[in-house]
Amino acid sequence: MKFRVTHTTEFVYDAQVGLCHNEARLLPIDLPHQTVLSATLKVEPSPHDLFERLDYFGNRTTYFSIQIPHESLLVTAVSEVQVDPPVLGGHPAARLREASLFDSSETRSWESVRDRLRSERSDEIIEAFQFTFDSPMVGIDARLADYARPSFPAGRPFDEAVQDLMQRIFREFKYDPEFSTIATPLHKVLEHRSGVCQDFAHLAIGCLRSLGLAARYISGYIETEAPPGKERLVGADASHAWFSVFAPGFGWLDFDPTNNQIPREQHITLARGRDYADVTPLKGVAFGGGNHQLQVSVDVLRIG
């Protein structure tokens with residue numbers, strides 16, 4: 001599937017900003033199943049400095065500064081992306097449960113995955129091992145391990161256990177944009193059983209790391225469909241988040257607890273990291289400006 005994604009962020013300030021420095025992760029990345037056909041970032045007012053680099057996690061990161069007085073900031077990212085069904089271990093990811101990703105000779109309990117992360121020293125496992133530790137917004141916690149354990153009884157197949165955790169979060173937590181902010185602690189999300197996609201991704205990551213598994217945060221977009229009989233509303237989409245867990249020999253497997261789905265062609269990956277702090281779409285500092293109003297608009301349009 002081909003998509004055009006338009007992501008617009010606008011700040012309107014109460015007073016003039018004399019200088020600002022910003023970092024954006026708004027351009028998608030190339031992956032084995034995802035090809036970026038084009039991607040542009042437009043900044044208004046025109047920036048004094050602008051350059052792009054790949055960050056530590058391989059995300060496209062754009063730095064820019066505006067060094068003239070301004071009362072608003074408009075950042076527009078337009079990307080066209082081809083997304084194909086992910087294929088892992090020779091099987092489509094969407095058939096994770098119908099066809100096991102593990103060879104018949106592979107010990108595939110979740111404990112075996114945990115133990116391989118601890119004991120093996122291959123390049124792929126060393127790279128994944130960093131995602132077993134605390135990160136700025138997700139800490140290992142006994143309460144998270146306790147929540148995860150019903151999905152991870154002794155000897156249960158790894159893929160089955162992770163999918164069960166995803167399904168439990170989907171069933172047991174309420175999607176409530178009014179409950180949390182990105183700074184809401186995970187123990188509050190767990191206590192109140194409420195949150196949004198970022199919270200549910202962080203929750204799953206915390207649960208998995210608390211059991212000794214490697215998990216990371218994925219930011220991106222998901223194509224949404226208009227209700228029957230209704231027209232699609234331009235700009236009515238939103239940024240999305242899900243999580244990925246590492247399986248030795250097969251790589252990273254994505255799960256979307258907000259929608260109870262294994263991501264396929266409708267999920268567009270923007271950036272990957274330990275948690276939201278590593279993939280924040282737009283952040284920076286502004287000198288002056290006072291209070292501000294923020295408006296974000298996302299449009300995901302299928303074009304082929």
Side-chain angles (χ1 to χ4, degrees), residues 4-28 39-53 55 59-79 135-138 174-186 188-189 192 194-202 217 219-222 224 232-241 258 268 270-271 273-301:
R4 180 182 297 116
V5 180
T6 304
H7 187 143
T8 301
T9 307
E10 183 175 23
F11 292 88
V12 178
Y13 305 102
D14 287 347
Q16 280 193 341
V17 172
L19 170 68
C20 69
H21 297 276
N22 301 274
E23 193 173 75
R25 289 176 178 84
L26 289 167
L27 302 178
T40 60
L41 188 73
K42 183 178 181 181
V43 179
E44 300 176 67
S46 180
H48 180 269
D49 295 306
L50 186 149
F51 63 86
E52 182 180 322
R53 64 181 177 87
D55 70 10
N59 303 314
R60 296 177 66 175
T61 306
T62 306
Y63 164 81
F64 64 91
S65 68
I66 299 173
Q67 301 183 20
I68 60 172
H70 55 283
E71 296 179 349
S72 65
L73 170 64
L74 179 63
V75 181
T76 304
V78 181
S79 306
S135 58
M137 302 184 74
V138 180
K174 177 185 177 183
Y175 186 89
D176 184 0
E178 302 300 321
F179 168 73
S180 64
T181 69
I182 196 61
T184 301
L186 269 183
K188 291 289 187 182
V189 175
H192 293 276
S194 296
V196 293
C197 57
Q198 291 89 348
D199 299 308
F200 303 153
H202 281 155
Y217 185 97
S219 72
Y221 311 101
I222 184 172
T224 57
R232 179 181 173 278
L233 298 177
V234 175
D237 297 309
S239 297
H240 193 44
T258 304
I268 303 161
L270 186 62
R274 295 166 299 170
D275 57 36
Y276 177 83
D278 289 332
V279 301
T280 306
L282 182 62
K283 62 183 178 181
V285 294
F287 296 89
N291 295 324
H292 67 268
Q293 296 179 344
L294 170 63
Q295 184 172 345
V296 178
S297 173
V298 175
D299 183 49
V300 179
L301 176 65

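As the structure is a computational prediction, the values presented were derived from the model and not from experiment.
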Asks: Could you go through the side-chain contact (heavy atoms from CB on, under 4.5 Å) check for Gln198 and Met137 one step at a time?
Replies: CA-CA 11 Å; Gln198 291 89 348; Met137 302 184 74; over 6 Å; no

Asks: Just by modelled atom types, is the Ala277 backbone N or O under 3.5 Å from a matching donor or acceptor in the Asp275 side chain?
Replies: yes

Asks: Nearest 0.5 angstrom please: His7 NE2 to Thr76 OG1, how far?
Replies: 9.5 Å

Asks: If only atom types and distance count, is the side chain of His292 paired as donor or acceptor with the main-chain N or O of Gly290 below 3.5 Å?
Replies: no

Asks: Taking all heavy atoms of Val17 and all of Gly289, pick out the closest pair and write down the distance.
Replies: CG2-CA, 3.6 Å

Asks: So, Glu52 and Arg25, do they make that salt bridge, N to O below 4.0 Å?
Replies: no

Asks: Could you tabulate the donor-acceptor pairs under 3.5 Å formed by side-chain atoms of residues 174-184, not counting sequence neighbours?
Replies:
from	atom 1	to	atom 2	distance (Å)
Asp176	OD1	Glu178	N	3.0
Ser180	OG	Asp199	OD2	2.5
Thr181	OG1	Ala183	N	3.2
Thr184	OG1	Thr181	N	2.9
Thr184	OG1	Thr181	O	3.2

Asks: For the pair Val298 and Thr6, evaluate side-chain contact (heavy atoms from CB on, under 4.5 Å) and give the outcome as yes or no after the intermediate values.
Replies: CA-CA 6 Å; Val298 175; Thr6 304; over 6 Å; no

Asks: Which atom names give the shortest non-hydrogen contact between Ala24 and Leu41, and what distance separates them?
Replies: CB-CD2, 4.3 Å

Asks: Are the side chains of Thr224 and Val300 in touch, meaning some heavy atoms are under 4.5 Å apart?
Replies: no

Asks: Side chains of Ser194 and Lys188, heavy atoms from C-beta outward: is any pair under 4.5 Å?
Replies: no

Asks: Looking at CD1 of Ile268 and OG of Ser239, how far apart are the two atoms once the value is rounded to the nearest 0.5 Å?
Replies: 11.0 Å

Asks: Among residues at least two apart in sequence or on other chains, which ones pass side chain to side chain contact (heavy atoms under 4.5 Å, CB included) with Pro281?
Replies: Leu26, Tyr276

Asks: Do Leu294 and Val12 have side-chain heavy atoms sitting under 4.5 Å apart?
Replies: no

Asks: Within this structure, what is the NE2-CZ distance for the pair His21 and Phe64, rounded to the nearest 0.5 Å?
Replies: 11.5 Å

Asks: I need the minimum non-hydrogen distance between Phe200 and Gly195, along with the two atoms involved.
Replies: CZ-O, 3.4 Å

Asks: Could you check, using the six-membered ring where one of them is a Trp, whether His240 and Tyr221 have ring centers closer than 6.0 angstrom?
Replies: no

Asks: Using 0.5 Å steps for rounding, measure from the CD atom of Glu71 to the CZ atom of Phe11.
Replies: 16.0 Å

Asks: Closest approach of Pro45 and Ile66, non-hydrogen atoms and distance?
Replies: O-CD1, 3.7 Å

Asks: Is there side-chain contact between Asp299 and Val5, with at least one heavy-atom pair below 4.5 Å?
Replies: no

Asks: Closest approach of Ser79 and Pro28, non-hydrogen atoms and distance?
Replies: OG-CD, 3.1 Å

Asks: Run the side-chain contact (heavy atoms from CB on, under 4.5 Å) test on Arg4 and Val78 for me, step by step, so that the C-alpha distance in whole Å, both residues' side-chain angles and the decisive distance to 0.1 Å come before the verdict.
Replies: CA-CA 7 Å; Arg4 180 182 297 116; Val78 181; 4.2 Å; yes

Asks: Can you tell me how far the CG atom of Asn22 sits from the CG atom of Leu282, to the nearest 0.5 Å?
Replies: 5.5 Å

Asks: Taking the side chain as every heavy atom from C-beta outward, state whether Thr8 and Val296 have any pair of such atoms under 4.5 Å apart.
Replies: no

Asks: Within the structure provided, determine whether Val75 and Lys42 are in side-chain contact (heavy-atom separation under 4.5 Å).
Replies: no

Asks: Measure the spacing between NE2 of His202 and SG of Cys197 and express it to the nearest 0.5 Å.
Replies: 10.0 Å

Asks: Are Val279 and Tyr217 close enough, and set up right, to give a side-chain contact (heavy atoms from CB on, under 4.5 Å), and what steps lead you there?
Replies: CA-CA 8 Å; Val279 301; Tyr217 185 97; 3.6 Å; yes

Asks: So does Asp55 get a backbone contact from the side chain of Asn59, meaning a donor-acceptor N/O pair under 3.5 Å?
Replies: no

